[in-house]
Trainee: 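Quick one: this structure, given as structure tokens, is what I'll be asking you about.
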Amino acid sequence: KITYTILIDGLCRGSMVDLALGLVVQMRHVDCSLDIITYNILVDGLCKLGRVEEALELADEMTQVGCSWDIITYNKLIDGLCKVGSLHSAFRLIAEMRHADCAPDIISYTALINGLCKEGRVHEALGLVAKMIQDGFSPDIITYTILIDCVFKVSRMDQPLGLADKMRQDGCSPDIIAYSTLIDGLCKEDRVDLALGLAAEIRHADCTPDIIMYNSLINGICMEERLIEAFGLVAKAIRDGCSPDIITYTTLMNGFCKAGKVDEALGLADKMIQDGWFPDTVTYSTLIGGLCKVYRVDLALRVLSKMRHADCSSNIVTYNTLIDGLVKVGRVDSALKLVA
RNA sequence: GUUGGGUGACUCU
């Protein structure tokens, strides 16, 4: 049973939930019943893919077979519901927990606080933090990071730096995620140099920089069109043991595109492929946008078909970008063809 | 053996 569970967990982590569900069928054939851990893993896997309805069905099945939900089941469903925007149902589950003798813990609260924050409902989020404290749970580094991220995204002021100080006073020393959140927020407020200063500080704070932190800095510096410095940061990241990833490449391409230097962006796309990366939907859309920006819509259309040949799916943004570009050069007919 | 936080593309801001 544990072997199956470990396999199922591995499949779920690799977003292969359907294969995992196949294993469940197999388990049933060999008369191996699912236990709560297996159920929780499957619920988690489904939620991660946004398939919350199916997760809820599975959770119902649990109840039917006499396997009652534990706090992990509840927390996972609460988080999953929040992530698809069903905060109402998530709050209902919290209420249900109290009746089911399974009191919400810091993870339950934090999942909801995150949900509220992601919808921009800062005041309600802060209210829930207060409630959580009343309930005996002090905000931890994760709670603080969520709030810092949220306050940056909503108000774009100095408040997040104050929150960071408060976090330290509370005995939470910032980790790499907290630092990156601050760094990203500062970059998006056009305070890249302050962000760079903070990044220099993390070595003294016992944190190991990662590629996400560098990607934020690279994006910030690209948005200021400091492209040479952006490459300096890539070199620095590599020296720090952080390998550039698909987001690093796309961020740099976007920097070139925004600066109207789409040929350099296309060159980077080639380099990226040479380095063994597959451009994804965002990468292709970035290039299409860059081409449209300089009115090279025919090449943009060719990138779209290239994307299809590479088995890379397009999405609404890809189309919006192209349609916008086509309309701007007066090719409304081609734009309409895309819609049809 | 299972649960909460940070990075890239369009439009608006």
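Small disclaimer: the values here were computed from a predicted structure and weren't measured. Reminder, nothing fancy here: chain letters follow the sequence lines and each chain counts from 1.
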Trainee: Consider only side-chain N and O atoms of A:T321 and A:S285, and report whether a donor and an acceptor are under 3.5 Å apart.
Mentor: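 A:T321 vs A:S285: no donor-acceptor pair found between side chains.
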Trainee: Any salt bridge linking A:K131 with A:D135? Criterion: basic side-chain nitrogen under 4.0 Å from a carboxylate oxygen.
Mentor: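 The answer is no: the pair does not qualify as a salt bridge.
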Trainee: What nucleic acid atoms does A:L42 come within less than 4.0 Å of, heavy atoms only: base, sugar-phosphate, or nothing?
Mentor: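 A:L42: no heavy atom of the nucleic acid under 4.0 Å.
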Trainee: Would you classify A:M213 as touching base, sugar-phosphate or nothing, given that sugar-phosphate means primed atoms plus P, OP1 and OP2, and contacts are heavy atoms under 4.0 Å?
Mentor: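 Here A:M213 touches the bases of the nucleic acid.
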Trainee: Which part of the nucleic acid does A:I146 contact within heavy-atom distance under 4.0 Å: base, sugar-phosphate only, or nothing?
Mentor: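 Counting heavy atoms under 4.0 Å across all strands, the contact made by A:I146 is with sugar-phosphate only.
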Trainee: Classify the nucleic acid contact of A:K258 as base, sugar-phosphate or nothing, counting any heavy atom under 4.0 Å across all strands shown.
Mentor: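 Counting heavy atoms under 4.0 Å across all strands, the contact made by A:K258 is with sugar-phosphate only.
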Trainee: Students often get this wrong, so: under 4.0 angstrom with heavy atoms, is A:T5 touching a base, only sugar-phosphate, or nothing?
Mentor: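 The residue A:T5 makes base contact.
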Trainee: Answer yes or no: side-chain N or O of A:N315 and base N or O of B:A9 forming a donor-acceptor pair under 3.5 Å.
Mentor: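 Checked by distance alone, the answer is yes.
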Trainee: Base, sugar-phosphate, or nothing: which does A:T250 touch, judged by heavy atoms less than 4.0 Å apart?
Mentor: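 Base contact - A:T250 has a heavy atom under 4.0 Å of at least one base atom.
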Trainee: Please classify the nucleic acid contact of A:T143 as base, sugar-phosphate, or nothing, using heavy-atom distances under 4.0 Å.
Mentor: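 The residue A:T143 makes base contact.
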Trainee: Does any donor atom in the side chain of A:T248 or A:N215 lie under 3.5 Å from an acceptor atom in the other side chain?
Mentor: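 Looking only at side-chain atoms, A:N215 and A:T248 do form a donor-acceptor pair, the distance falling under 3.5 Å.
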Trainee: Where the side chain of A:I177 is concerned, which of B:G1, B:U3, B:G6 is the nearest nucleotide?
Mentor: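 When the side chain of A:I177 is considered, B:G6 is the closest of B:G1, B:U3, B:G6.
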Trainee: Using only heavy-atom distances, determine whether the side chains of A:S108 and A:N75 contain a donor-acceptor pair under 3.5 Å.
Mentor: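 Yes, A:N75 and A:S108 have a side-chain donor paired with an acceptor closer than 3.5 Å.
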Trainee: Closest approach to the side chain of A:I141, judged atom by atom: which nucleotide of B:U3, B:G5, B:G4 is it?
Mentor: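 That would be B:G5.
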